[in-house]
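Below, all heavy atoms of this structure are taken into account, side chains as well, without hydrogens, waters or symmetry copies.
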Amino acid sequence: MALHAEATLATRLVTYDKNTCQQCQAWLLAPDWSEYLNERCVRHTWSCEACGYEFETTVFFSTAGAVAA
């Protein structure tokens, strides 16, 4: 089994900047709650320890076999 550290690092760098509070821009480690809605949709609930702001995000995944452009 081969370890692909470069790919893992690149993935972390892409998502790192997206986990910030929408009010104070503090970095958020993980959502407080994640809810599986269906095979293509997951909802996350976030709260910021720095300012107390709470919000939700929704992630939509492409269908199986679909190729993103």
Pairs satisfying salt bridge (charged side-chain N to carboxylate O under 4.0 Å, His left out), at least one member in residues 25-34, at least two apart:
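The answer is none; no pair qualifies.
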Hey, are the side chains of Trp46 and Asn19 touching, using non-hydrogen atoms and a 4.5 Å cut-off?
yes
Are the side chains of Thr58 and Cys41 in contact, using a 4.5 Å heavy-atom criterion?
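Sidechains of Thr58 and Cys41: in contact.
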Which residues share a side chain to side chain donor-acceptor pair (under 3.5 Å) with Ser34, sequence neighbours left out
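So Ser34 forms a side chain to side chain donor-acceptor pair (under 3.5 Å) with His44.
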Can you name the residues that form a ring-ring contact (aromatic ring centres under 6.0 Å, His included) with Tyr53, not counting sequence neighbours?
Phe55
If hydrophobic residues (ILVMFWY) are linked whenever their side-chain heavy atoms come closer than 4.5 Å, directly or via other members, who joins Leu37 in its cluster?
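Its cluster partners, ordered by chain and number, are none at all.
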Taking salt bridge (Lys or Arg N to Asp or Glu O under 4.0 Å) as the test, write out the residues that go with Arg43, two or more places apart.
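So Arg43 forms a salt bridge (Lys or Arg N to Asp or Glu O under 4.0 Å) with Glu35, Glu56.
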Check the pair Arg40 / Thr63 against side-chain contact (heavy atoms from CB on, under 4.5 Å), numbers first and verdict last.
CA-CA 7 Å; Arg40 295 191 54 225; Thr63 58; 3.5 Å; yes
Does atom CD of Glu49 have more than 12 heavy-atom neighbours, drawn from other residues, nucleotides or ligands, at distances under 6.0 Å?
no
